[in-house]
Amino acid sequence: MISRYPWGMTDPQLVLIERVQQALATAFGPEYAGSDPLIRPSQFADYQANVALSLAKRLRRAPREVAQAIADAIDVGDVFDSVETSGPGFLNITLSDDWIAAQAVRTLDDPRSGVGLTTPPRTVIVDYSAPNAAKEMHVGHLRTTIVGDSLVRMLEHLGNRAIRQNHLGDWGTPFGMLIEHLLDIGEANAIARLEAGEGSEYYQQARVKFDSDADFKERSRRRVGTLQAEDPETIRLWHLFMDATIRYYNKVYATLGVTLTDSDIAGESMYNPMLAETCADLEASGVAVMSEGALCVFPPGFKGSDDKPLPLIIRKSDGAYGYATTDLAAIRYRVRDIKADRILYVVGADQALHFQMVFAAARQAGWLTDDVDAEHIQIGMMLGSDGRRFRTRAGQSVKLTDLLDEAVERASASIAERDYDEATRSEIARTVGMGAVKYADLSVSHDSEYIFDFDRMLAFTGNTGPYMQYATARIRSIFRKGGVDPATVTGPILLGEPAERDLALQLLGFGRVVEHAATTAEPHRLCAYLFETASAFTTFYEKCPVLRDDVDPATRASRLALCALSLRVLQTGLNLLGVPVPDRM
RNA sequence: GCGCCCUUAGCUCAGUGGAUAGAGCAUCGGACUUCUAAUCCGACGGUCGCAGGUUCGAAUCCUGCAGGGCGCACCA
């Protein structure tokens, strides 16, 4: 991925890489210009370059000697304050204050705050949320939805063509049962209940009848047939069911501030007309073969018990299609018709084997080629405080809206002392509650199982949403008190105090982190950066008064500039995470 | 049996082959006449599951083992 920086590169690491590579070429010859200088943050300087250690063997020279040769060859210019060899062959690099200050001003002048643009833009499909209308909607959907939405926001911000795909579970055998249940309880009643978010109960009641009532079971079976045959009345009923369900999903998405809309829905039903052709293609090419009455792909390398090849069943022995078929049809469609360069499947970690096999089968079929990346972004399970699957005390799965309501309620309690009017208070509570839940989901690596804990996520200290929001609220408060519009602030920036220098240097790394988080599909990296930034700001806030009378005008202007840039980086970063930010707290 | 994800401070989690492994919480001790103390500063706290291997250098890569979670022929 190549990035363009319309306002110039502000990231110190990129500048360092360039300079050290030049030095390598000067010192050892042009063939060394491409070596990775191994720039890392350092506890002994601003950065360290570790390249001397790795090159020593190739150059047949002592590492310290190599390091010294690089240090001698490096173009210090006005960028570095010092470049020193240290330890077994490290290069400790300290940036000059003036350069950091100048770069901070450039970043402030840059409407993109140092975030580059991907050139050329890539077409990236993000498959996320995907609630299943025929199953309980549980808290597990929270993470896939929130992580996916954040990935889309980051990819778009970097200039990519990001395509949201909500792969709704809206088709299959359970829908016979769900439609019959709809008829039993009455259309209007069913719609009302589904819109109110009682889909789980609805499903469970249908399930109970299906298991206990032979007549209902038979009706359901017939209904699956008429649904597959696209009988108009059955399709009408199916739409009633799905539309009501989607209206409920949209309410949840609106509450969460998720960017998914109806036009992003690409559910299983959409692929239904493609399934027969998908199977025919696979069979014709010899990728799929019949086995025990089912049409299967046996991707190489997948073994089940007894070392037998593991099948991916794409047409069951009764002729019906499964989700493997849908996923294969979807890959084909996404690569061939949408022309995706990258497809991200933000789906639970329990589907790892399934996606490995689907990807392997798609490669066998030639649908997935080397120029397309298909990645399963594994989402770890949400656990209760007992370390087991997240449930209510009664052992039921937790309804998403109940969880969100409780978050807002608890946030409301924590600001009860504040002197705000009712409307402001409830808006802050909503923002803080939602931000806390979303940030908690995003701040741990997506594949790790994570223990859900209201007290921890709503804390105003630590790597939490409220802490981040509070930092922005304090910055806004300064501008409010000072009667200054942050958008009008300009440099120059002066770095007198260490806290000012630390903050400025920290702020220069924003673009790199956004790009890294998007490339690796790891929003938690952005969270970690924003937490460091918020921490650097609060340290600055404690140490460096801005508006106080004894602060001279030049220092005040400089500090206002640092505040403005901090605000923008935090605000933009939180927006990329989808975490809402209140004006005041 | 096979596959995937894990195992890091009392707890919850970061950690890009680099120096003395980091945060937050908890505990203890400090800082409000101050732009929001919902904060900040400091201290305490580690056989990075175990054993080998590769490497100048391993929490990180490889192999094996132990422990945990989740999947694995007709639900999606």
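Convention: sequence-line order gives letters A, B, ...; per-chain numbering from 1.
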With both distances under 3.5 Å as the test, what is the Watson-Crick or G-U wobble partner of C72(B)?
G1(B)
Whole-Å distance between C72(B) C1' and M357(A) CE?
9 Å
Does T539(A) put a side-chain nitrogen or oxygen below 4.0 Å from OP1 or OP2 of C41(B)?
yes
Among A76(B), U39(B), G71(B), the one nearest L353(A) by side-chain distance
G71(B)
Minimum-distance nucleotide to K543(A) side chain [options: A76(B), C41(B), A19(B)]:
C41(B)
Have a look at A473(A) and say if it touches a base, only the backbone sugar-phosphate, or nothing, with a 4.0 Å heavy-atom cut-off.
base
For N92(A), answer base if it contacts any base atom (sugar-phosphate contacts may also be present), sugar-phosphate if it contacts only those atoms, and nothing otherwise; contact means non-hydrogen atoms under 4.0 Å.
base
Winner on side-chain proximity to P311(A), out of U39(B), A73(B), C70(B), is A73(B)
Ignoring hydrogens and angles, does a donor from either the side chain of N50(A) or the base of A19(B) sit under 3.5 Å from an acceptor on the other?
no
Any T461(A) side-chain nitrogen or oxygen under 4.0 Å from OP1 or OP2 of C25(B)
yes
Pairing nucleotide - C40(B), Watson-Crick or G-U, each distance under 3.5 Å
G30(B)
Within the structure shown, what part of the strands sits under 4.0 Å from Y450(A) by heavy-atom distance: base, sugar-phosphate, or nothing?
sugar-phosphate
For a side-chain hydrogen bond (donor to acceptor under 3.5 Å, both in side chains) with Y323(A), tell me which candidate from H354(A), E268(A), H167(A) qualifies.
H354(A)
Has S448(A) got a side-chain N or O lying under 4.0 Å from the OP1 or OP2 atom of A14(B)?
yes
Compare side-chain N and O positions of H524(A) against OP1 and OP2 of G15(B) and report whether any pair is under 4.0 Å apart.
yes
Of the candidates G71(B), C4(B), A14(B), the side chain of Q356(A) sits closest to C4(B)
Please tell me if R525(A) has a side-chain N or O lying less than 4.0 Å from either OP1 or OP2 of U16(B).
yes
Is the F452(A) ring parallel, tilted or perpendicular to the F454(A) ring (thresholds 30°, 60°)?
perpendicular
Verify the contact: side-chain N or O of T538(A) to OP1 or OP2 of C40(B), cut-off strictly under 4.0 Å; return yes or no.
yes
Tell me which of D318(A) and Y470(A) sits closer to the 5' end of RNA chain B, going by the nucleotide each one is nearest to.
Y470(A)
Taking the minimum atom-to-atom distance to the side chain of S86(A), which one of C70(B), A73(B), A19(B) wins?
A19(B)
Regarding Q48(A), tell me which of base, sugar-phosphate or nothing describes its non-hydrogen contacts under 4.0 Å with the strands shown.
base
Regarding S445(A), tell me which of base, sugar-phosphate or nothing describes its non-hydrogen contacts under 4.0 Å with the strands shown.
sugar-phosphate
Mind checking whether F540(A) and F537(A) have ring centres under 6.0 Å apart?
yes
For S317(A), answer base if it contacts any base atom (sugar-phosphate contacts may also be present), sugar-phosphate if it contacts only those atoms, and nothing otherwise; contact means non-hydrogen atoms under 4.0 Å.
base
Mind checking whether F531(A) and Y467(A) have parallel, tilted or perpendicular rings, split at 30° and 60°?
perpendicular
Hey, is F531(A) doing a stacking thing with A23(B), by the 5.5 Å centroid and 30° angle criteria?
no
Think Y467(A) has a side-chain N or O under 4.0 angstrom from the OP1 or OP2 of C40(B)?
yes
Ring of Y541(A), cation from R474(A) - is the NZ or CZ under 6.0 Å from the centre and inside 45° of the axis?
yes
Minimum side-chain heavy-atom gap F241(A)-I246(A) below 4.5 Å:
no
Regarding the side chain of I451(A), the nearest nucleotide among A19(B), C74(B), C13(B) is C13(B)
Both distances below 3.5 Å, Watson-Crick or wobble geometry, any strand: find the nucleotide opposite U55(B).
none
Look at the side-chain N and O atoms of K481(A) and state whether any lies under 4.0 Å from the OP1 or OP2 oxygen of U36(B).
yes
According to the Watson-Crick and G-U wobble definitions, with both distances under 3.5 Å, which nucleotide is paired to U20(B)?
none
Would you indicate, yes or no, if G17(B) has its OP1 or OP2 atom less than 4.0 angstrom from a side-chain nitrogen or oxygen of R40(A)?
no
Check: A23(B) base within 3.5 Å donor-acceptor of S535(A) side chain:
no
For a 4.5 angstrom cut-off between non-hydrogen side-chain atoms, does F44(A) reach S86(A)?
no
Between C296(A) and A534(A), which has a closest nucleotide on RNA chain B that is more 5'?
A534(A)
Taking the side chain of Q378(A) as its heavy atoms from C-beta onward, which of C35(B), A73(B), C5(B) lies nearest to it?
C5(B)
C6(B), C40(B), A19(B): which one has an atom nearest the side-chain heavy atoms of D447(A)?
C6(B)
Ignoring the backbone of E542(A), work out which of U12(B), C40(B), A19(B) is nearest its side chain.
C40(B)
Take atom CG in D419(A); do more than 12 heavy atoms of anything else shown fall under 6.0 Å from it?
no
